[in-house]
Amino acid sequence: MTDFSEGCGQLCRELKAAWAIAKKDIRIYYLKPNIIVSGMLFPLFMFLAFAIGRDAPPTLLVPGLIAITILFSASSIEPVSIPIERRTKTFDRLLSAPISLHSVVLGESLSGFLYSAGIALVPLTAGMIIFQTPLVQPAALIAGILLTAFCFATMGTLFAAYPTESPGDIMSMLNLVRLPLIFVSGVFIPVNALPPIGQVIVMLSPLTFGNDLIRAAFEGSTHFNPLVDLVAIGGFILLFQLAANHLYRKFNE
Amino acid sequence: MHAIEAIAISKKFGDLLALSDVNFFVAEGETFGFLGPNGAGKTTTIRILTGITMPTAGTAMIFEKDIVKETIAARRQMGIVHETSNVYDDLSAWHNLMFAAELYNVPRSVRERRGKELLELFGLWERKDDRVRVFSKGMKRRLTLAMGLVNDPRLLFLDEPTSGLDVQSNLIIRDVIHDLTEQGVTVFLTTHNIEEANLICDRVAIINRGQIAAIDSPERLKKTIQSVQSVEVAFDPPSLDRLNRLRALPLVSEVRKEGDKFRLITEDPATVIEGVTAYAQEHQVRIISMTTIGPSLEDVFIKLTGLVPRVKGVKVID
């Protein structure tokens, strides 16, 4: 019983510390007007580059815009903030606190998640107003936005594990992954319209499953079973969290 | 119970052996100085003792908790003041302090009371809502120390606490360290300021090239190198020409000009005093002052680390 309450106490302490790290990041990085504006503008321009001139239905375009907004907003800040904190040695403060590395990774991911989930409301609202796209399955939308945001926030934290004090080093690696993801996730071309090899490759991208859930919110149906989407994104989150924890430990040795 | 027990710690970075079989203990309530030139292994030792870096071999116990196996339990006992003032420039002093307290799971009511006490103690209460970006170096250092104390630690790691600070910050920080030791807090201090270590440490360890070269109280360490006793003398009129003549006196191993005085290093101060007196009479100069000086902790440091004066009268002690 004592072990159990001690375990619960430690878990509670870890969650509180993760929340404290998230609050700190939100105060320092995410609430800056330029960060909020750039979080919306970059995906918007990328969306326009692909959408203008194409005769794609709004039920494909709006979920696509939401998905890439989440991809870029969730994964952009930690790869910048963590190297800067390494340079200013404030990251050592987290590494030397009486908390596990899991809490550090969770806290860093939480802030990106909250920021991204908030930013996603902008293309969602704009899409619903401009394109008059009705919302058919709100639950799928909520699950899609929240899980995808947390997944890519964790991916950003994972890339930031690379032991550098220069954000550019991480961003260049991250973009090598993020940009191709847009093309292999059914964002602009539905998965069922892809060639067979493409339909296999999409399975490697968490964006595929997030986009599938978000599209379900507008189209009412999913390419994969919704449970498959949920499990797949959950699996990617777990994989990224464990990998991030491992890399932060390894690079710190 | 020992506050710290370093047991056969070794650390390799690739082929580089940064620490080799480091053993020492720090008693509870003791102020322990850790001295060494740059690259000697001070920072690596602190990073291992605080659980940031894992040792390649050996371990360390913090109040009987293994820092490798019980990292979190061990860290709960300690406060850490890093060498760099690692505060968040875009947060206020208050938010910095509250964040540090939250990482240590200090309850809200306690952290708010403790935060106010600490900011008042370090003369920062009036600036609590200001962003740290506008703080001076000394104010940031004081805030860093306050953040290290917010969890009421039993053991405080201080990495270069007063390096390059203004007089006011220096005095405040030294007073606080003095008060902490009176309250029984164990202090592990690394410093470049050897005189500071001499004044406030119960014992010091000197580390060089990853190995402990000596551990003892400052006074005992000084006794180990009686060969660097010296006689300090000032003449009227002062003249640089005396340097070579003083070097020629019996049993003088080295002469350094220090300001308007000469320092004659010797194993036998009594014989040198006789020689200096005879020299003054022979050349009809007045001796304004003459003092015998025992070896300083700095002398011990220089001898044990093999450092040499870069130029006459100026020692390299980084």
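Order of the sequence lines fixes the chain letters, A, B, ..., with proteins taken first and strands second; residue numbering starts at 1 for each chain.
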Taking side chain as C-beta onward, heavy atoms only, is [X] less than 4.5 Å from [Y]?
| X | Y | answer |
| --- | --- | --- |
| A:Arg27 | B:Asp90 | no |
| A:Ile28 | B:Leu91 | yes |
| A:Pro98 | B:Asn105 | no |

Roughly how far, to the nearest 0.5 Å, is the [atom2] atom of [Y] from the [atom1] atom of [X]?
| X | Y | atom1 | atom2 | result |
| --- | --- | --- | --- | --- |
| B:Tyr88 | A:Thr88 | OH | OG1 | 7.5 Å |
| B:Asn96 | A:Thr90 | CG | OG1 | 9.5 Å |
| A:Leu95 | B:Ile80 | CG | CD1 | 10.0 Å |

Search all heavy atoms of [X] against all heavy atoms of [Y] and return the closest pair with its distance.
| X | Y | answer |
| --- | --- | --- |
| A:Leu94 | B:Phe99 | CD2-CZ, 3.6 Å |
| A:Ser100 | B:Ile72 | N-CD1, 3.7 Å |
| A:Ile99 | B:Leu103 | CG2-O, 3.9 Å |

*Does A:Arg249 CZ have over 12 foreign heavy atoms under 6.0 Å away?*
no
*Which of the residues B:His95, B:Gln77, B:Arg75, B:Met98 is involved in the greatest number of heavy-atom pairs with chain A at under 4.5 angstrom?*
B:Arg75
*Would you mind telling me which of B:Glu83, B:Met54, B:Arg47, B:Met78 has the largest number of heavy-atom pairs within less than 4.5 Å of chain A?*
B:Arg47
*Got a salt bridge between B:Glu102 and A:Lys24, using NZ or NE/NH1/NH2 to carboxylate O under 4.0 Å?*
no
*Test A:Phe91 against B:Asn86 for side chain to side chain contact (heavy atoms under 4.5 Å, CB included), laying out the working first.*
CA-CA 8 Å; A:Phe91 201 64; B:Asn86 56 347; over 6 Å; no
